[in-house]
Structures are given as C-alpha cells and as structure tokens.
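For reference, the structure I am asking about is given below.
Everything numeric in this text was worked out from a predicted model, so none of it was measured.
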Amino acid sequence: MTGAQAGPYSDLVATAAHDVERGLVPACQLAVAREGRLLLFEALGEATTSTRFCAFSATKPIVAAAVWLLIGDGSLDVSKPVAHYAPEFGANGKEKVTVEQVLLHTAGFPNAPISPAEGADAARRRARFSAWHLEWDPGTRFQYHAASAHWVLADLLERLTGEDFRDVVETRVCRPLGLPRVLGIGPADQGDIAPLTPMADPADNGEWRELLMFNDPAVREAGVPAAGAIVTAADLALFYQGLLHNPGGIWRPDVLRDGTANIRCRLPDPLMDVPANRTIGLVVAGDDGQHILRYASFGQGCSPGAFGHAGAHGQIGWADPATGVSFAYLNNAVSPDPMVAGRRAYMLSTAAAALLA
C-alpha cells in the first residue's frame with residue numbers, strides 16, 4: 001500500500017508532512033510493515049518511493065545481522081579477542097578487546113580514526129587497526145563507537161568468509177530477505193539517492209557538516225559499515241520484519257533471539273544518562289520507562305521488547321514484537337540542532353507505535 005493519506009495512517013503521514021511543509025525536511029519516506037509485508041510506504045517532498053537515502057547509523061544492525069550468521073555457523077566466537085581473528089588489531093594494548101565488546105560499544109576506542117577510503121581497502125584498514133590506541137579499559141564503560149567498531153566487524157566478515165564485506169551483507173542478509181544491495185553502491189547506480197541537504201547557515205562549520213561526505217560518490221561506494229547503507233524506508237522496515245520472522249531460517253534461532261532481545265550492556269549512556277540497553281547489534285526499549293531516551297527513536301507506545309537503532313539527523317528503524325509492526329523513516333535534512341530531529345523522531349515513532357496495537 002502506497003500513497004495512503006487517510007485511514008489509520010493519516011496521523012503518521014501528517015506528522016511527517018508537517019516538517020516538509022515547513023521547509024525543515026526537503027525529502028523523506030516512511031514505511032510501516034507487519035507480517036512480512038508493507039502496510040504503508042509514503043514519499044513526501046522531493047522524493048518518490050524509488051528514492052534512496054543514506055541511513056546513517058541505522059546501518060549498524062544490518063551489518064550486525066551479517067555477523068550473527070558467523071556466530072551461528074560457529075566461525076565466530078564473540079567471547080574471543082578480536083586479535084584472535086585479526087592479529088594486527090592487537091597492537092598497542094588492544095590484544096584483550098573482545099568481539100562482544102566491539103558489538104556493545106564498550107571496546108574502548110570510540111574515536112579511533114579511519115577514513116572511508118582506508119576502511120574500504122583491507123591493507124589500509126588493517127594498518128589503521130595496528131595504529132589505534134585504547135582510550136579507556138575495555139568493558140568498563142559504554143561510549144558510542146560511531147564509526148570505528150563497525151570497520152572491525154567488516155574486517156571480521158571478510159576474514160572469516162573470504163569475501164568482500166559489502167558482498168557478504170548483500171548475499172547473506174539482503175538477498176535472502178528480498179532486499180537490494182545496500183552497502184557499496186557504485187557511482188553508476190547512485191542517480192536516485194536523495195542528496196543530503198544542510199539546514200543551517202552556510203557559515204556554520206559545526207561537526208554536523210562532516211556527514212555531508214556521504215554525498216561523495218566515492219564514500220557511498222566505500223560502503224561505510226557503521227553509517228553508509230543506501231536504502232528506502234521500505235527496505236529498512238522489511239529488514240526489521242526479517243528479524244521478527246526469520247524467513248527461511250536465515251539466522252540460527254538462538255542467535256537471533258540473542259541479537260534482538262538479550263540485553264548484554266546496561267552501562268550508562270553518557271549522552272542521555274540512561275542504561276544503554278545494548279544487545280550484540282541493537283538497542284532494546286526495556287521496561288524502565290526510559291525507552292524514548294535510548295538511541296533507537298522508540299515511540300511512547302513501544303513495548304519493552306521493541307528493538308531497533310536510530311541514525312543521525314532523525315533516521316529511524318525499529319520493530320516491536322508485541323504488535324509485529326516495524327517502522328522506518330528516512331530523510332535528507334542535515335541540521336546542526338539534534339533536538340529538531342529528536343522531537344520529530346519521537347512524534348513519528350509514537351504515531352507508528354499506536355498502529356495495530
């Protein structure tokens with residue numbers, strides 16, 4: 001169902017349309033799915049339902065889902081040090097950092113530098129790993145590893161499969177779910193991507209401007225595993241349906257339950273001062289009433305078992321096992337004020353959580 005402007009989706013669509021009409025969002029999409037199929041897929045502003053968007057950190061669960069396949073087939077043990085699989089990584093005191101800590105953002109190198117060009121090249125990536133230093137003792141605190149940790153996961157995917165990590169995500173996660181390639185989009189296939197648009201004074205040189213690099217065709221082709229997925233909202237909502245229903249037994253059931261429900265990290269998130277509630281790849285809403293403060297853009301009505309992951313500037317992706325609903329919202333507005341996107345995400349997710357409850 002597309003183009004739904006009435007019925008049970010009218011409030012949700014109107015909420016998204018509000019910021020488009022006010023000029024705060026040039027283009028956006030939203031999608032609702034249940035029982036493995038789309039119930040709503042709407043494009044607003046300078047977008048059609050064919051337009052694709054950069055998902056930013058809503059990318060992370062897709063890469064984690066590929067890692068879960070390696071856990072399931074026995075080729076990866078998350079309790080082992082990363083250096084067991086990637087010896088270069090162990091340099092400079094990182095020899096005890098475990099794969100689990102990398103997945104949980106407790107590994108101790110949140111600000112380790114690496115460019116998309118370096119990350120996309122195995123030799124340069126591994127040279128970067130060997131140069132990284134720890135910022136604090138692994139496992140002692142949670143701090144969001146915005147980019148660094150997922151380059152480690154990408155490297156593990158390559159080492160343990162013998163394939164390019166972008167191809168692994170496509171062939172082992174996306175294709176079985178009926179989804180297109182989402183990481184490593186070549187320049188010839190970038191014509192329908194909504195350009196990221198700064199919603200600020202051109203003289204403002206804040207850190208938010210760094211994300212405009214995802215307009216660069218070379219960065220899109222690099223397939224940044226922490227933030228570079230190129231998707232539609234429908235793709236993202238259906239990915240979460242895959243996590244709810246495991247069609248064809250893509251993941252070993254116990255590993256999937258671990259990834260979607262087992263909270264392994266409750267250390268405080270210093271940004272919002274609430275328990276991080278991290279699994280090995282996702283954020284879980286939890287039953288402490290603080291779910292709207294977690295980095296998954298949950299709505300007020302999401303159940304404690306809801307799981308997902310947000311992305312910078314208001315990208316949303318989550319699923320709620322209590323209702324079977326998954327929701328995704330993507331836009332191309334890059335704003336220096338995170339509160340603007342935060343308020344929007346809360347309102348959208350609250351409207352989506354009320355559907356089919």
Side-chain angles (χ1 to χ4, degrees), residues 1 8-9 12 29-42 55 57-69 71-72 103 169-170 172-180 182 229 231-264 277-287 291-292 294-311 315-330 345 348-357:
M1 179 178 182
Y9 311 101
L12 178 58
Q29 290 175 346
L30 61 162
V32 176
R34 193 185 195 195
E35 296 180 352
R37 63 186 184 89
L38 289 173
L39 301 181
L40 170 76
F41 182 27
E42 185 79 17
S57 286
T59 303
K60 287 179 169 70
I62 302 174
V63 172
V67 173
W68 300 345
L69 295 172
I71 299 170
L103 285 160
V169 171
E170 178 185 8
R172 304 194 186 194
V173 177
C174 295
R175 195 176 298 170
L177 292 175
L179 303 177
V182 301
V231 293
T232 67
D235 295 334
L236 192 56
L238 290 172
F239 165 74
Y240 277 97
Q241 285 295 304
L243 299 188
L244 284 173
H245 299 293
N246 198 14
I250 298 170
W251 295 277
R252 203 174 77 191
D254 62 317
V255 176
L256 182 60
R257 283 193 300 273
D258 190 14
T260 58
N262 182 24
I263 300 172
R264 295 189 183 212
N277 276 24
R278 289 270 171 172
T279 75
I280 50 172
L282 290 163
V283 180
V284 175
D287 60 3
H291 57 288
I292 63 173
R294 296 194 169 97
Y295 196 50
S297 297
F298 295 122
Q300 188 62 50
C302 285
S303 79
F307 56 82
H309 204 291
Q315 314 299 54
I316 304 169
W318 53 256
D320 194 336
T323 61
V325 168
S326 61
F327 175 61
Y329 170 86
L330 300 171
L348 286 165
S349 286
T350 295
L355 296 171
L356 306 174

**Q.** Residue of the set Cys302, Pro61, Pro321 for which side chain to side chain contact (heavy atoms under 4.5 Å, CB included) holds with Phe307
**A.**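 That would be Pro321; it is the only one of Cys302, Pro61, Pro321 passing the side chain to side chain contact (heavy atoms under 4.5 Å, CB included) with Phe307.
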Q. How far apart are the closest heavy atoms of Val283 and Ala296, and which atoms are they?
A.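 Between these two residues, the closest heavy atoms are CB-CB, 4.0 Å.
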Q. Just how far is it from atom CD of Gln300 to atom CD1 of Ile292, taken to the nearest 0.5 Å?
A.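 One finds 5.0 Å between CD of Gln300 and CD1 of Ile292.
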Q) Of all heavy-atom pairs between Tyr240 and Gly317, which one has the smallest distance, and what is that distance? A)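 So the two residues come closest at OH-O, 3.3 Å.
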Q. With under 30° as parallel and over 60° as perpendicular, where do the rings of Trp251 and Trp68 fit, or are they tilted in between?
A.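 Rings of Trp251 and Trp68: perpendicular, as their planes differ by over 60°.
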**Q.** Distance, nearest 0.5 Å, that separates CZ of Arg172 from CG of Leu177
**A.**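 Result: 14.5 Å between the selected atoms.
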(Q) Within the 4.5 Å heavy-atom criterion, are Asp258 and Thr279 side-chain neighbours or not? (A)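 No, their side chains stay 4.5 Å or more apart.
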Q) Do the side chains of Glu170 and Arg175 get nearer than 4.5 Å, heavy atoms only? A)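 Yes, close enough: below the 4.5 Å cut-off.
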Q) Only one of Phe298, Trp318, Tyr329 clears side chain to side chain contact (heavy atoms under 4.5 Å, CB included) with Ser349; which? A)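 Result: among Phe298, Trp318, Tyr329, Trp318 is the only option passing the side chain to side chain contact (heavy atoms under 4.5 Å, CB included) with Ser349.
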Q. Do the side chain of His291 and the main chain of Gly299 share a donor and acceptor less than 3.5 angstrom apart?
A.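 Judged by distance alone, yes, a pair lies under 3.5 Å.
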Q. Using the ring of each side chain (for Trp, its six-membered ring), is Tyr295 parallel, tilted or perpendicular to His309, with breaks at 30° and 60°?
A.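 Perpendicular: the ring planes of Tyr295 and His309 meet at over 60°.
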**Q.** Nearest heavy-atom neighbours spanning Leu179 and Leu238
**A.**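 In this case the closest contact between Leu179 and Leu238 is CD2-CB, 4.1 Å.
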Q: Go through Leu243 and Leu282 one step at a time and tell me if the side-chain contact (heavy atoms from CB on, under 4.5 Å) criterion holds.
A: CA-CA 11 Å; Leu243 299 188; Leu282 290 163; 4.2 Å; yes
Q: First locate atom CG of Leu12, then atom CG of Leu30, and finally report the distance between them rounded to the nearest 0.5 Å.
A: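 The distance works out to 5.0 Å.
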**Q.** No-hydrogen, no-angle side-chain donor-acceptor test under 3.5 Å, Asp320 and Ser303
**A.**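 Present: a donor and an acceptor within the cut-off.
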Q) Do Leu330 and Thr232 have side-chain heavy atoms sitting under 4.5 Å apart? A)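 No, side chains not in contact.
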Q: Quick one: pull up CG in Asn277 and CD1 in Ile263 and give me the separation to the nearest 0.5 Å.
A: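 So the gap between those two atoms works out to 4.0 Å.
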Q.
Donor-acceptor pair, distance only, cut-off 3.5 Å: does the side chain of Gln315 make one with the backbone of Ala310?
A.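 No; judged by distance alone, with no hydrogens or angles, the pair does not exist.
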Q | Greater than 12 external heavy atoms within 6.0 Å of Asn262's CG | A |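 More than 12 within 6.0 Å, yes.
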Q. Taking all non-hydrogen atoms of both residues, which atom of Ser326 and which atom of Ala237 are closest, and how far apart?
A.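 Taking every non-hydrogen atom into account, OG-O, 2.7 Å.
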**Q.** Exercise: identify the closest heavy-atom pair between Ala353 and Gly301
**A.**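 Result for this residue pair: CB-C, 3.8 Å.
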(Q) Please give me the minimum heavy-atom distance between Ser297 and Ile316, naming the atom from each residue. (A)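 Heavy atoms only, the tightest pair is CB-CG1, 3.9 Å.
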Q. Between CZ of Arg37 and CD of Gln241, what distance do you get to the nearest 0.5 Å?
A.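 Reported to 0.5 Å precision, the distance equals 10.0 Å.
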Q. Within a strict 4.5 Å, meaning less than it, do heavy atoms of the Val32 and Leu38 side chains meet?
A.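 Sidechains of Leu38 and Val32: no contact.
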Q: For the pair Val182 and Val173, evaluate side-chain contact (heavy atoms from CB on, under 4.5 Å) and give the outcome as yes or no after the intermediate values.
A: CA-CA 10 Å; Val182 301; Val173 177; over 6 Å; no
Q: Quick one: pull up CG in Leu355 and CZ in Arg34 and give me the separation to the nearest 0.5 Å.
A: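 Spacing of CG (Leu355) from CZ (Arg34) equals 10.0 Å.
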